[in-house]
Every structure is written in C-alpha cells, then in structure tokens.
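Both ligands and their constituent atoms are indexed starting at 1 by order of listing.
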Amino acid sequence: MQLGVCYYPEQWPESMWADDARRMVELGITHVRIAEFAWSRMEPRAGAYDWSWLDRAVSTLADAGLKIVLGTPTASPPKWLVDAMPDILPVRADGTTWHYGSRRHYDMSSEAYRREGLRIVEAMAARYGAHPNVIAWQTDNELGCHDTVPSYSPAARARFQGWLAARYETVEQLNERWGNVFWSMEYPSFETIELPHLTPTDANPVHLLDFRRFMSDEVASFHREQVDVLRRYAPHADMLHNFMGFFTTFDHYRFAANGSIDVATWDSYPIARTEVIALSEDDKARYARTGHPDVSAFDHDRYRAIGNGRFWVMEQEAGPVNWAPWNPVPAPGMVRLWAYEALAHGAELVSYFRWRQAPFAQEQLHSGLNLPDNTLSPGGREVARAAREIAQSDTLAKLKQGGAGSRAPVALVFDYETQWIFEIQRHARAFDYQTLAFEYYRTLREMALNVDIVSADADLSGYALVVVPSLARLPAGFVQKMAASNAQWLIGPRTGSKTEDFAIPPELPPGALQSLLPAKVIEVDSLRPTLQPATTFDGVEGIALHWREHLEARDGVEVLARFDDGWPAVIAKDHVRYAAAWFDAPLHRALVEHAARAAGLTVARLAEGLRVRRHGDVTFAFNFGPQSVDAPAPADARFVLGERTLGTADVCAWLAA
Ligand code: GAL
C-alpha cells in the first residue's frame, strides 16, 4: 500500500511548493492529488487559459519524484461562467435555485454545462495527458455531495422525459405500468410529464423511483463523458472518481460498469461519519474519538467490489474535520490505525486530506498533515510513523500490492435500488435499508468474519454464507442463482416485496423467492417504538424493531421461531433462512451465528470494539474500544506489527504459525 496526499498549490505561495514536495517525499508519500477546484485559475476569463502555474506545480511535484492524480475542476464552475450561463445553476426540490459562492453549484442535466465541462477537461487532458508523472485522473469531486444530485430544472425535466420515452416507448405503456389511473394521474404525452416534486401529497412512488434511476444515470453519464475525453489523451492513466462513505444516491455498480473507472476511490472520514449516520447515542458516545469500528470497513469492503478488486482511499481524515455537528480530535493512534485498516481491507493507496490546514475560507477548522504554520500536525506525525513501519516490514511491504487478499467466506449483498425504494416508501419511520445492511455487517464482523460486499448481479459461487439484508426487487436470475448455490442464505425482510414497476408482486412478497421458500407475506406491521413483538431464537430472547411481517408458511417450510403472538419470526427451508422482521442486536447475532455455523464457519465473539481482518496470511487486529484487549491470535502466532495486548486505537498483525 502506498501513501498519498491532497494538495492545493493554487492556495499557497509558489515559494513553498518545492519544499512541500520535498517534505511529502520525506514523509513517505508517493502520490499527490491536485487541481480539482482550480478552474478559476486555469481559465480566469472565458477562453483565456492560464496553464503556466499548473505547469510549474506539476513539474515541481514530478521533479520530487511524486506521482500525480489530476482532478478535473467541474465541481466548482467559476463566476464568469455562472454569470454568462445562469441556467447552469441547479434547482432544488422546493423550486428555488442554488447560488454561486461555494461549490457544486451546477446542474448535471444542463447540456450547456456538460459542454463547458468537457471543454475545460479536454484542454487539461491535451496539456497533461501525456505527462509521465500524471498516472491517474479524477473526474470532478464527490459527485452528489451536499445533496446535489437531484435538480428540478427545465433541463432535467426535458432529459427525464427523453429517458422515460426510451424506457416505455409509448405514454400508454407508461400510464399502465405506473398505475396512473389512480387519482387521474394519466399523462397525454411524454412532453407533459412533470418532475415529481411540489405535489400536495406523495407523488406516485414509481414516478419517484424512475426519477431516481434517471438521476443515477445522469451522474454516471456526466462522469463517463469526461472519461471518454480523458482516455483519448491519457490512454495509460487510471480513471477514477472519489466516492463518498454511506452514500447511496446513485447506483455505484452501474456507475463503474463498462470500464468507466479503473479504480474505485473513496473519501473516508470515520469520526464525522459516525456522528451523522443512524447509530444509537451510546455507540456515538463510545466511539466519538475512534469512529465506529465498522464504519470505514463497510465502505472499504463495498468499494473494493465497486472497483472490481482495486480501491484507494482518496481522502483520509488525518485529524479533526469541520463538517459534522461535533468534530472531536481523534484518539492518539487512530490516524495510524486507519492506515492499517485500509491496508488490511486491500487498499492500494491511502491519500490524506489535506497536506496543510488552510487558515482561510470554509475549511479553516479542518486539519491536515501540517498545521497552518507548516509544522507536522499530530495526525501528520502518525502518518510518518505508519509509513516508516510499513517500509521496514517485509511482510507488510508485500501487502502493498492491494487486492482483497482472497475471497471472504461471507458475501453481503448490497443494492442501491433497494435503498431508493424504501426511502420512497419507508412505511415505518426508522426503516433505513443501509442501516439494516450495516447492522448485519457489524454482526458478522463482531464474529471475526471477513466479508465481501457485493452486488446482487455478482457471481456468488464459492461463498459459504450469503447474507441479503433485504432486496426489494429480485433481479432476473437471482432466485435461480440461489437454487444452484451451495451456500447458506440468510434473507431479510421486505425481500421480493416490489416489482420493477414498484408494485406488489402478484404472488405477494417475497415474490419469486416463494419457489424456494413457500411462504407469503399477508400483512406488514410497522412498529412504533412502543410495539415490541418478542421472540426467542436459539435460546436468545429479543424483539422486532421498526418492521415485521405476518407470514403464512406452506409445504415443508420450517418455523424456527415464533413471536409471542404466534406469527413466524424466522422460517427456513433447505439452505435458505428468512427473517420476518428487523430484529434487535442480540437476535440478529443469534440468527447470523446460526446461519454461519450451518455454513461451517468458525465464529468468534470479539471483545467490544475489537475487530480483525485477514489479508492473505496476515491477520490484523484493531482496538476501537476504551479498554485494553488481547488480540485473538494463536499462542504461537508470529507478530509482524505490534503485540498481542492492544490499548485504545492500537493495532497489531500476525502471521498464522
Ligand atoms: C470532502 C471533499 C473535500 C473536503 C473534505 C473535507 O467531502 O471532497 O474537498 O471538503 O470533504 O472533509
């Protein structure tokens, strides 16, 4: 694994650049990402390019031996462009327009903006595409950040209408499949179709779903158009985009398909992420200075799949950040720990945000590897230590090449459309699919299991256990894949509950899954917090939260547990188990353990806050908890990093004897 950093030469006096580059190399950094917000300096006035400063910045970094990732600057259109083309500003759901003055103030559906974007991308690619040190290109920056995917502009409406016409061919088909007879929602033509917003009550859910599918495709094509230009000038460079943690607004599998990226890169801010996701207040308090133990791992494992085995961390938190409701300083050791965590999950590169904290503008309270006075920050010192340790260890250096190490025994199916479907129709306020998926992931990790997060379309052969937290719509061939599989399957609630057109399937949920598991959902029970159906599974007592289903089981289906009022809680047939509810943590654990044992896996029960991950023949252990713990290494383990007893924020790694 190699180390990188995000650097903004345009924000610092040129007299500092050479020394910055030298100190980067001295620290063990090999890669530097630049330029992704610098449009106003590349083209200060329409058509008047100024590459001189960027030429000098690129040469200075290259002369120091650094490899360069160039970012295209489309995340921040300059003022002259916005003034010349005010229609490129995005329109929000409430009909108001976003203003100039920060970043991401553009409408992805604006054809004028796409043209302007491709113009600056092509000019940049022509200038730097053949530079030997420019080894990768990042398009834009965090597409969709700050809730900027949806735009309700006239441009978006026109393109949405075209997208619908291509999908449904005739408006009669669309009316039929959308069920528009309901409430007189029938459209006379594609040109009259509205965007689904500003309606007195809910818009038609399939209208909302198609709009989300359309927007997801808009994001992918916005990126793809840039990549097609970049590849013409930089055929040997890696193409990438920096994705975000816990971000589901577009379908990342579709985004990455057909060679649109070579590496999946993502931006990892574990402490801030822990603050903003749906975790209990107890978890947030316990992990306030370490980040939740599964929060980065979840996205490492997800982006490894999206990059087809290749992933980088493009921006790694190196100290306190500025954008969560609270932004505590990480516990000493965490910045070093996160580097090893990425390594253990197969990252090829971890790149820090940012080289130096900026004393001006929006991110002045965001740390970097250096303080504004140009001395190393506490995080910077930890990165220096990790860099030295990795360089000095033959075993760790061998892991540098990245990759998963090997296929995990467990696959967890993660599906973006399921997230959208349940967001559109939550039915129970706290039902959030990604949170449910995270609950299962966390439960598996508490048992010391390696997990691959995969798409429903992935090849699932070779896994011992496949966990499907939910899959709203069963893709063609999925049930056949299950039928042919030797794995144990654990399926969560709401699976098979919708058709492609957001309708209840004719045979009732779980739809086509009934061919393997003859049972149907006849009612769904949305549980306010005071409603707590109880059950006992495998000797463990617990309750359903948020959601449970009233299942009617037929021929040969075994009811493994019932709720206190008699409804089945867990059913099974052959190698398939189905959970009829969102369970509390003890029950989830019991259920996952039961399935893992049936799959022949050895399950451990790790101390709270302790996590392990195997990479090839090296096993890493990480302590996110407040107490010292012993890593679960065999007595004769040979430690290649640290030692068995781990204090808070400490890490060790060993080779199996
Ligand atoms: C990311 C973004 C960076 C920077 C960083 C601060 O979302 O890509 O440009 O703003 O957050 O944490």
Could you give me the CA-CA distance, side-chain angles and deciding distance for E315 and Y269, then say whether side-chain hydrogen bond (donor to acceptor under 3.5 Å, both in side chains) is met? CA-CA 8 Å; E315 299 179 11; Y269 294 95; 2.6 Å; yes
Should you measure from each heavy atom of [X], which atoms of ligand 1 turn up under 4.0 Å away?
X: N141; result: 2 (C), 8 (O), 9 (O)
X: H366; result: 6 (C), 12 (O)
X: F37; result: 9 (O)
X: D267; result: 8 (O)
X: E142; result: 1 (C), 2 (C), 7 (O), 8 (O)

Considering both backbone and side-chain atoms of Y8, is one of its nitrogen or oxygen atoms within less than 3.5 Å of a nitrogen or oxygen in ligand 1? no
Can you check whether E363 has an N/O within less than 3.5 Å of an N/O in ligand 1? yes
Just let me know how E315 lines up against ligand 1, side chain, backbone, both or neither, with a heavy-atom cut-off below 4.0 Å. side chain
Heavy atoms of other groups near [X] [atom1], more than 12 under 6.0 Å:
X: R231; atom1: CZ; result: yes
X: N258; atom1: CG; result: no
X: R41; atom1: CZ; result: no

Donor on one side chain, acceptor on other, H241 and T139, under 3.5 Å: yes
Checking R273 against S296: is there a side-chain donor and acceptor pair closer than 3.5 Å? no
Among protein heavy atoms, which lies nearest atom 5 (C) of ligand 1, and at what distance? Y269 OH, 3.3 Å
Could you tell me if any non-hydrogen atom of R103 lies under 4.0 Å from any atom of ligand 1? yes
Flag the pair C145 / R104 as yes when at least one side-chain heavy-atom distance between them is below 4.5 Å, and no otherwise. yes
